[in-house]
Amino acid sequence: MIAPGDKVAIGMSGGKDSTALLYFLDMIRRQERLGYSFEIVPITMDMGFDMDITPLRQFVEALGYELTVLPTNIAQVVFDIRAERSPCSLCAKLRRGILYNYAAEIGCNKVALGHHLDDAIETYFMNFLFHGKLASFEPKSYLSKTGITLIRPMIYLQEKEIIKFVKREELPVIFNPCPVDKQTKREEIKHVVSGLAQQYPDIREKFIMGMEQGTVGDFWNSPQLLSV
């Protein structure tokens, strides 16, 4: 996922996943576990909500980085101007566009996101149930419009493992002020997957097997960032 000399932007939301991702990648960089160096650029967005990011900023600075904050009017566009009944899709597209374009502007060749195994499974079921597609996101994909390569280094980690790690290390987690937080279709699918996991405890392992045998192929067999 990461090659020598890469400049990797990390999308920071203030949630547990992106906070853990920065911690992991910083640990790998400092310990030179890949055998070469790379650069990390933490980036977050001011969505237009009343949100205190002081704990996130302090955490980033304690690791030796400077947190870049991008001002946006995403909340106004999604909730006031467009008045979206299902705002998550538009919000995600706007956030991704701003992040990828800015990362390219400052010379980053890669963007790392904090998606984990449960996110991949939930995306698969959402695509199936709402769009009739049998697909999820890939751990690594090239974005031709910006020249950015998108990576998801935590793709093999279950959400419960990240939760335990964040609590153990006392990493900061900022409350999400979005008015539809925990009220989305993804949240519904999360409960569906949890229910299936109770009846079929190895559902996550089977999902990995299915993905490794599918289109993601050789990349999913790469151990480079999965040893943390």
Side-chain angles (χ1 to χ4, degrees), residues 7-23 25 39-63 65-116 119-120 122-123 126-127 130-131 137-138 141-154 166 171-190:
K7 186 174 183 179
V8 184
I10 302 181
M12 306 287 298
S13 67
K16 67 183 188 312
D17 302 329
S18 57
T19 300
L21 176 61
L22 175 60
Y23 189 96
L25 291 187
E39 188 176 348
I40 291 175
V41 183
I43 301 172
T44 191
M45 294 182 199
D46 180 349
M47 302 281 290
F49 296 120
D50 184 13
M51 181 175 177
D52 181 11
I53 65 168
T54 300
L56 177 61
R57 190 188 299 276
Q58 292 174 341
F59 169 70
V60 170
E61 292 177 351
L63 292 178
Y65 304 98
E66 180 179 353
L67 180 64
T68 298
V69 182
L70 303 179
T72 79
N73 62 344
I74 291 178
Q76 181 183 13
V77 170
V78 172
F79 293 103
D80 299 333
I81 299 175
R82 294 283 295 270
E84 292 282 324
R85 295 181 60 184
S86 300
C88 296
S89 178
L90 176 59
C91 179
K93 289 179 180 178
L94 293 174
R95 286 186 286 111
R96 288 195 300 264
I98 293 171
L99 176 60
Y100 300 161
N101 286 327
Y102 180 77
E105 287 176 9
I106 62 173
C108 293
N109 63 315
K110 290 181 179 172
V111 169
L113 300 180
H115 294 134
H116 45 67
D119 287 327
E122 291 158 14
T123 298
M126 289 182 70
N127 278 328
F130 302 130
H131 304 291
F137 49 69
E138 295 189 8
S141 54
Y142 179 70
L143 309 175
S144 58
K145 290 184 178 180
T146 57
I148 290 288
T149 297
L150 180 61
I151 60 174
R152 296 176 169 95
M154 301 198 303
V166 168
L171 303 184
V173 177
I174 299 177
F175 170 74
N176 186 352
C178 177
V180 297
D181 184 43
K182 306 300 183 185
Q183 303 175 38
T184 63
K185 292 297 182 182
R186 179 171 289 276
E187 191 68 19
E188 292 179 12
I189 298 301
K190 182 183 292 290

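Note that these values count all heavy atoms, side chains included, but never hydrogens, waters or copies made by symmetry.
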Got a sec: does the NZ of K93 have more than 12 other heavy atoms crowding it under 6.0 Å? no
So among K185, K190, H115, which one has a side chain to side chain donor-acceptor pair (under 3.5 Å) with E122? K190
Are more than 12 heavy atoms from other residues, nucleotides or ligands located less than 6.0 Å from atom CZ of R186? yes
Report all side-chain donor-acceptor pairs from residues 69-76 shorter than 3.5 Å, counting only partners two or more places apart or in another chain.
unit_1 : atom_1 : unit_2 : atom_2 : d
T72    : OG1    : D46    : O      : 2.8
T72    : OG1    : I74    : N      : 3.4

Contact summary for T54 and D52, nearest pair of heavy atoms: OG1-OD1, 2.6 Å
List the steps, then state whether side chain to side chain contact (heavy atoms under 4.5 Å, CB included) holds for L67 with I53. CA-CA 10 Å; L67 180 64; I53 65 168; 4.2 Å; yes
Drop me the distance from R95's CZ to Y100's OH, to the nearest 0.5 angstrom. 9.5 Å
Least distance between heavy atoms, C108 atom then V41 atom: SG-CG2, 4.1 Å
Please report the interatomic distance CE(M45) to CE(M12), rounded to the nearest 0.5 Å. 12.5 Å
So, does R152 use its side chain to make a donor-acceptor pair with the main chain of E138 at under 3.5 Å? yes
Output the distance between atom CZ (F49) and atom CZ (F79), rounded to the nearest 0.5 Å. 4.5 Å
Minimum heavy-atom distance A112-L25, with the two atoms named: CB-CD1, 4.1 Å
Do the side chains of F137 and L150 get nearer than 4.5 Å, heavy atoms only? no
Pair V166, T19 - check side chain to side chain contact (heavy atoms under 4.5 Å, CB included), show working. CA-CA 8 Å; V166 168; T19 300; 5.7 Å; no
Distance-minimising heavy-atom pair for K7 and G107: CD-O, 3.6 Å
Non-hydrogen atoms of G114 and D119 that approach each other most closely: O-OD2, 4.2 Å
Measure the CZ-CG distance between F59 and L22 for me, rounded to the nearest 0.5 Å. 5.0 Å
So CD of E61 and CG of L56: to nearest 0.5 Å the spacing works out to 9.5 Å
Could you tell me if the side chain of N101 sits less than 4.5 Å from the side chain of T146, heavy atoms only? yes
Rounded to the nearest 0.5 Å, what separates atom OG in S18 from atom CD1 in I43? 12.0 Å
Test log, rule side chain to side chain contact (heavy atoms under 4.5 Å, CB included), inputs M47 and C91: CA-CA 9 Å; M47 302 281 290; C91 179; 3.5 Å; yes
Among residues at least two apart in sequence or on other chains, which ones pass salt bridge (charged side-chain N to carboxylate O under 4.0 Å, His left out) with K16? E159
Apply side chain to side chain contact (heavy atoms under 4.5 Å, CB included) to residues L113 and L99 and explain how you reach the verdict. CA-CA 11 Å; L113 300 180; L99 176 60; 4.0 Å; yes
What are the two closest non-hydrogen atoms of S13 and M51, and how far apart are they? O-CE, 3.5 Å
